[in-house]
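Working notes for the structure below.
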Amino acid sequence: MSTLIPEVTLNDGTSLPSIGLGTYKLKGNTGANSIISAIHQGYRLIDSAYNYENEGTVGEAVRRSSVPRQHLRITSKLPGRYHTYEKAVTTIQESLYRSNLDYYDLYLIHWPNPRQDQYVEAWQALIDAKKWGLIRSIGVCNFLPEHIERLEKETSVKPSINQIELHPYFNQAEQRKWHEAHQIITESWSPLARANDVLHNETLKNIANRHHKTVSQVILRWHFQLGAISIPKSASPERQLENISIFDFSLDDSEMNQITTLSRPDGRINNQDPATYEEF
Ligand SMILES: NC(=O)c1ccc[n+]([C@@H]2O[C@H](COP(=O)([O-])OP(=O)(O)OC[C@H]3O[C@@H](n4cnc5c(N)ncnc54)[C@H](OP(=O)(O)O)[C@@H]3O)[C@@H](O)[C@H]2O)c1
């Protein structure tokens, strides 16, 4: 069984599927089996990170799946403790070694860590690793416009992607508008807000009932119509399939607006504001 997923074109001319698999906490043989199940159901974009300690699991799933490597898009991310140029280069090489892959399709800086103030050095390492063929596309996560402006000013290279916290309770309207004006694709992390109380929201339940869909499907369809790539994590084959079965219905303007009104200034899951929060 496989579902066809539309693609999004990046500012570097490459493309990515508009929905992928999050892999936080998918580890070891069990994790690899979950990722293989997702690939067999049609997922082609897999998100991972050095700090998830599962690059090996992802690489193993890629080799054990029946889909050729060139049809998959594999992401990893650089941790905050390795932002100096030399450390960033070594970490990208170590990421490849851990996954046993020849290249990553997408490599992102995981957090800007503005107080540490080394993210421009890290970005230069990503730019060079792309030139050396280790990475196909480069981007960032959790960067505010001021951080991205600095990257562009100091290196003349703009990220293709900014992966940010985005779900109905924190819809990032201004940041998304800024990305759009700068030809940067928004990628949504925790797109289901970790599937906690959001799944019981009455507005979302009403919209879901109208379309004979689940609340998760309505939320993921909303991301798609916003133009954002979402990466819901699920270990369950049933929920993996549910999450990509969103291309046979659409939300009208009124439904999109109703979902927009659910956003709250304090809607972040763990209050991780990139202006102050740092992760290493
Ligand atoms: N760049 C960053 O700083 C950053 C930060 C956080 C996350 N991420 C990435 O974003 C990915 C997704 O975010 P996330 O894992 O935090 O949260 P999420 O994808 O919003 O939610 C995952 C949770 O929802 C459950 N779930 C998935 N589909 C469901 C469905 N259809 N119905 C009911 N429950 C469902 C999953 O349980 P089951 O597995 O049991 O289905 C899991 O507990 C991560 O895995 C990671 O790759 C990046």
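In each ligand, atom 1 is the first atom listed, and ligand 1 is the first ligand listed.
Within ligand 1, counting atoms from 1 as listed, the ones closer than 4.0 Å to a heavy atom of Leu192 are 20 (O), 27 (C), 28 (N), 29 (C). In summary, the atoms of ligand 1 found under 4.0 Å from a heavy atom of Trp111, numbered by their order in the structure, are 3 (O). With ligand atoms numbered from 1 in the order given, ligand 1 contributes 9 (C), 46 (C), 47 (O) to contacts under 4.0 Å with heavy atoms of Asp47. Heavy-atom contacts of Cys141 reach the following atoms of ligand 1: 1 (N) (cutoff under 4.0 Å). Atoms of ligand 1 lying under 4.0 Å from any heavy atom of His110, numbered from 1 in the order shown and given with element: 1 (N), 2 (C), 3 (O). Heavy-atom contacts of Ala193 reach the following atoms of ligand 1: 20 (O) (cutoff under 4.0 Å).
Tyr52 OH, 3.3 Å is the protein heavy atom nearest to atom 46 (C) of ligand 1. Nearest protein heavy-atom neighbour of atom 45 (O) of ligand 1: Tyr24 N, 3.0 Å. Shortest contact from atom 3 (O) of ligand 1 to any protein heavy atom: Asn142 ND2, 3.1 Å. The protein heavy atom nearest to atom 13 (O) of ligand 1 is Ser190 N, 3.1 Å. From the protein, the heavy atom lying nearest to atom 10 (O) of ligand 1 is Ile231 CD1, 3.4 Å. Counting protein heavy atoms only, atom 6 (C) of ligand 1 is closest to Trp189 CE3, 3.1 Å. The single protein non-hydrogen atom nearest to atom 24 (O) of ligand 1 is Ala195 CB, 3.2 Å, given as residue, atom name and distance. Among all protein heavy atoms, the one lying closest to atom 28 (N) of ligand 1 is Asn243 ND2, 3.0 Å.
Side chains of Leu26 and Thr57 form no contact here, defined as non-hydrogen atoms less than 4.5 Å apart.
Using a 4.0 Å cut-off between charged nitrogen and carboxylate oxygen, Lys77 and Asp47 count as a salt-bridge pair. The residues Glu121 and Lys87 are annotated as not salt-bridged, no charged nitrogen and carboxylate oxygen being separated by less than 4.0 angstrom. The existence of a salt bridge linking Asp248 and Lys213 is confirmed by a sub-4.0 Å separation between a basic side-chain nitrogen and an acidic carboxylate oxygen. Using a cutoff of 4.0 Å between basic side-chain nitrogens and carboxylate oxygens, Asp105 and Arg69 are scored as salt-bridged. Remark: Glu94 engages Arg98 in a salt bridge, criterion side-chain N to carboxylate O under 4.0 Å. Of the charged side-chain nitrogens involved, at least one lies within less than 4.0 Å of a carboxylate oxygen, so that Glu60 and Arg63 count as a salt-bridged pair. Salt-bridge check for Arg176 with Glu180: failed, with every basic side-chain N at 4.0 Å or more from each acidic carboxylate O.
Looking at Pro191 against ligand 1, both its backbone and its side chain come within 4.0 Å, counting heavy atoms. Contacts between Ala235 and ligand 1, counted as non-hydrogen atom pairs separated by less than 4.0 Å, involve both the backbone and the side chain. With a 4.0 Å cut-off on non-hydrogen atoms, Glu242 touches ligand 1 through its side chain and not its backbone. Both the backbone and the side chain of Lys233 come within contact range of ligand 1, each with a heavy atom under 4.0 Å.
Between the side chains of Thr214 and Glu242, at least one donor-acceptor pair of N or O atoms lies under 3.5 Å. Checking Tyr277 against Asn270 by side-chain atom types alone, no donor-acceptor pair falls below 3.5 Å. Residues Ser263 and Tyr169 bring no donor and acceptor atom of their side chains to less than 3.5 Å of each other. Using modelled atom types, one finds no donor on one side chain facing an acceptor on the other under 3.5 Å when comparing Ser190 with His167.
Nearest to atom 29 (C) of ligand 1 by heavy-atom distance, out of Glu279, Gln217, Arg239, is Arg239. In the candidate list Ser216, Ser48, Gly20, Ser216 is nearest to atom 30 (C) of ligand 1, counting heavy atoms.
Within 6.0 Å of the NZ atom in Lys158, the count of heavy atoms belonging to other residues, nucleotides or ligands exceeds 12.
The shortest separation from a heavy atom of Leu199 to ligand 1 is under 4.0 Å, placing the residue in contact.
Any N or O atom pair closer than 3.5 Å counts here, and Lys77 shares no such pair with ligand 1. Inclusion of Pro232 in the set of residues having an N or O under 3.5 Å from an N or O of ligand 1 is not warranted.
Checked against the 6.0 Å centroid threshold, His110 and Tyr82 do not count as a close aromatic pair.
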